[in-house]
Amino acid sequence: MSETHAMPHRRQGASQRRASARRMVDGSRLPISAPARRNKPRLKLLRWIGLTLFGFWVLVALFGPLLAPYPMGAFVADEIYGGMSAAHWLGTDYMGRDMLSRMLTGARYTVGLAVVAALLSTLVGAGFGMLTVLLPRWLEEGVRRIFDTLISIPSKMMALVMVSAFGTSIPLLILAAVLSYAPGAFRISHSLATNLATLEYVQVAKTRGEGRFYIAAVEIMPNMIQSVLTDMGMRFVFIVLLLSGMSFLGLGVQPPAADLGSLVRENIGGLSQGALAVIAPALAIGTLTIGANLLIDSLSKSRDTQKE
Amino acid sequence: MRNAMPKLVLGRLSSSLLTLFLVSLVIFAITSLLPGDTAQQILGQFATPEQVAALREELGLNQSPLVRYWHWLTGFATGDLGMSASNGMPVAQLMNDRLPNSLLLAAITTAISVPIALTMGLVAAMRRGGNIDRALNVVTLSMVAVPEFLVATLAVLIFAVHLGWLPALSYVSTVESVGDFVRIYAMPVLTLCCVLIAQMARMTRAALIDQLDSAYIEMARLKGVPPVRRVLRHALPNAVGPIANAVALSLSYLLGGVIIVETIFNYPGIASLMVDAVSNRDLALVQACAMLFCGAYLILVMVADLCAILSNPRLRNR
């Protein structure tokens with residue numbers, strides 16, 4: 001049973017990718033000129049690098065605040081923009097607070113918010129993507145039009161417009177990210193589901209008189225879950241970049257709370273002295289997103305380099 | 001067959017216009033569904049009720065949302081975008097002052113990044129699976145995920161702090177020589193180029209490899225056509241459309257990228273104007289800037305679509 005499910009998925013996946021001009025793929029059916037053997041160890045290496053970086057930041061987000069040597073808001077040093085020392089491993093910030101403690105706490109905001117927003121985007125996008133295939137035609141078109149409109153608003157624009165109207169808050173930032181990134185998830189899962197819905201076993205289930213939710217959950221979902229999860233990983237990276245960008249502009253997470261983007265912003269004054277307080281959080285975000293990107297790319301060769 | 005083309009272009013154009021119209025509805029809805037009152041916000045908490053009422057009248061806030069939306073929309077046609085709430089100047093004038101700066105930044109970035117990205121994509125595709133390709137793959141894959149402010153802070157750290165070649169902040173007003181020009185634009189352009197080149201090179205490589213995998217290239221290979229000729233004479237002409245599509249789509253990254261870059265380098269462009277407007281909750285200015293960015297984005301996506309369609313005879317005649 002599981003084999004018959006997996007097979008069509010793979011074939012559908014390939015034709016799907018070819019059909020859409022925007023999704024760039026480098027998978028080939030022809031043998032490539034260099035021996036495939038030579039590529040293998042390198043790919044594995046990238047996967048391990050990605051997994052290590054990404055896993056590290058997930059662990060920091062989970063346990064970091066417990067390990068922080070000082071409270072996040074405590075003024076612990078006289079020196080501002082202090083360098084590395086035994087007492088302050090990552091130096092001190094513009095107000096003499098311990099950078100390590102602030103980053104351990106900030107990482108939880110950056111990773112946590114992005115995970116929540118990515119989960120919600122995929123849930124909304126993929127949920128609608130699957131269900132609309134089974135809905136009447138006019139309703140499907142209506143939902144598609146709405147998502148097509150939302151996808152035409154760049155994510156930073158959406159976030160800026162929403163913040164200008166409602167002021168910034170954590171639920172609003174998550175909402176802005178979901179409104180920006182659910183349409184993409186919808187588009188991909190909708191086209192996957194459209195192809196799956198034409199297959200015999202779905203037709204059989206329909207003829208059998210199964211309900212829409214049963215068909216979506218039992219017949220369609222298992223065959224597209226892998227692509228949907230990969231897509232969610234990409235969305236996680238985009239959302240980290242969006243939210244830390246907003247925080248960097250001063251329009252994201254507000255003090256006293258701080259994510260890694262806010263940490264870059266508040267210490268930007270130390271840049272001209274090359275302060276560790278501004279480099280460290282910026283590098284932290286970079287290693288998180290690079291790690292996640294390497295991991296996702298090596299897990300699936302169908303990658304979407306589009307960045308909106 | 002020839003007559004199909006203008007029709008197709010017109011079709012795409014009208015569909016983009018429809019999307020832009022829907023986008024304007026969304027933007028207006030978000031910015032007008034305020035729980036608070038714009039007039040109250042402009043005047044602050046200590047305004048008297050009379051002042052608020054007068055300003056409400058002046059701003060036309062007593063009219064129904066539909067009427068206000070109509071006025072706002074027709075304002076775009078006549079160039080009357082309303083008044084900026086934070087500094088009392090017409091929105092159109094504020095934007096006019098800033099727009100050329102942003103366009104210049106975008107133009108320089110494009111002029112530098114496109115040739116580099118195309119070369120990188122071409123080389124990677126030709127040396128597919130080789131060391132160069134693998135190295136470029138790792139580099140570009142990492143670069144597309146890097147936040148702009150990391151590139152910017154590292155660039156400032158290296159070129160301004162350690163080497164002292166460049167100033168950390170840009171001020172366009174002080175351009176007097178070519179040297180000034182380079183010093184001001186070097187770092188903003190470098191920052192934008194990093195991510196843009198990586199993305200464009202990846203998409204170019206993918207577009208070209210798509211062609212290299214097709215049957216006619218295998219045929220050429222079997223006939224003994226040398227690799228360079230195979231790529232440049234056989235594959236490249238057919239990949240022009242997909243590559244143009246990739247370039248246009250990549251350029252849409254600039255719309256998000258400039259927001260961070262203009263802010264970090266204090267560059268007086270339209271994106272930093274918008275960020276200030278958002279901080280000041282200057283809604284008329286935010287709306288106009290958002291429409292400008294969304295319009296530019298839609299144009300780029302439309303150009304990308306048209307490039308893909310016009311270069312593909314099968315799509316063209318559909």
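We name chains A, B, ... by the order of the sequence lines, and we start the count at 1 in each one.
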- Note on the structure: Scanning both residues in full, the closest heavy-atom pair of A:I151 with B:Y297 reads O-CE2, 3.7 Å

- Message: Looking at chain B, which one of A:V264, A:V237, A:T287 has the largest number of heavy-atom pairs inside 4.5 Å, strictly under?
- Response: A:V264

- Locate the shortest heavy-atom distance separating B:T153 from A:A282; write the atom from each residue and the value. OG1-CB, 4.0 Å

- Query: Is a side-chain N or O of A:N293 found less than 3.5 angstrom from the main chain of B:L141, in a donor-acceptor match?
  - Reply: yes

- Interatomic spacing from CZ in B:F21 to OG1 in A:T149 - rounded to 0.5 Å: 10.5 Å

- Message: Rounded at 0.5 Å granularity, tell me how far OG in B:S142 sits from CG in A:D297.
- Response: 9.5 Å

- Message: Among B:I259, B:I27, B:L255, which residue satisfies the side chain to side chain contact (heavy atoms under 4.5 Å, CB included) criterion with A:M157?
- Response: B:I259

- Note on the structure: Heavy-atom closest pair (A:I285 atom, B:P147 atom, distance to 0.1 Å) is CG2-CG, 3.7 Å

- Message: If you define the side chain from C-beta out and look only at heavy atoms, does anything of A:P154 sit under 4.5 Å from B:S252?
- Response: no

- Kindly indicate, with the supporting measurements, whether the criterion side-chain contact (heavy atoms from CB on, under 4.5 Å) is fulfilled by B:E148 and A:L241. CA-CA 9 Å; B:E148 295 85 8; A:L241 292 173; over 6 Å; no

- Message: Walk me through whether B:I30 and A:M158 qualify under side-chain contact (heavy atoms from CB on, under 4.5 Å).
- Response: CA-CA 9 Å; B:I30 294 175; A:M158 178 66 91; 4.0 Å; yes

- Query: Taking C-beta and beyond as the side chain, do B:F293 and A:I153 meet within less than 4.5 Å on heavy atoms?
  - Reply: no

- Item | Region of A:L251 that comes under 4.5 Å of a non-hydrogen atom in chain B | side chain

- Task: Check whether A:L160 gets within reach of chain B through its side chain, its backbone, both or neither, counting any heavy atom under 4.5 Å.
- Result: both

- Message: With a 4.5 angstrom heavy-atom cut-off, is it the side chain or the backbone of A:V161 that approaches chain B, or both, or neither?
- Response: both

- Message: Set out, in order, the CA-CA distance, both residues' side-chain angles and the distance that settles side-chain contact (heavy atoms from CB on, under 4.5 Å) for B:V146 and A:T289, then state yes or no.
- Response: CA-CA 7 Å; B:V146 160; A:T289 47; 5.6 Å; no

- Message: Using every non-hydrogen atom in the two residues, find where B:T263 and A:L249 come nearest and quote the distance to one decimal.
- Response: OG1-CD2, 3.4 Å

- Considering all heavy atoms of both residues, which atom of A:S152 and which atom of B:V23 are nearest to each other, and what is their separation? CB-CG2, 3.9 Å

- Task: Please report the closest heavy-atom contact between A:R145 and B:T19, naming both atoms and the distance.
- Result: NH2-OG1, 3.2 Å

- Enter the distance from A:I268:CD1 to B:I264:CD1 here, rounded to the nearest 0.5 Å. 4.5 Å

- Item | A:F236 CZ: over 12 foreign heavy atoms closer than 6.0 Å | yes

- Could you check if a side-chain atom of B:L157 sits within less than 4.5 angstrom of a side-chain atom of A:I279, using non-hydrogen atoms only? yes

- Item | Check: A:A165 main-chain N/O paired with B:T31 side-chain donor or acceptor under 3.5 Å | no

- Based on non-hydrogen pairs under 4.5 Å, which of A:G50, A:G291, A:G250, A:G167 is most in contact with chain B? A:G167

- Can you establish whether the number of heavy atoms outside B:I132 located under 6.0 Å from its atom CD1 is more than 12? no

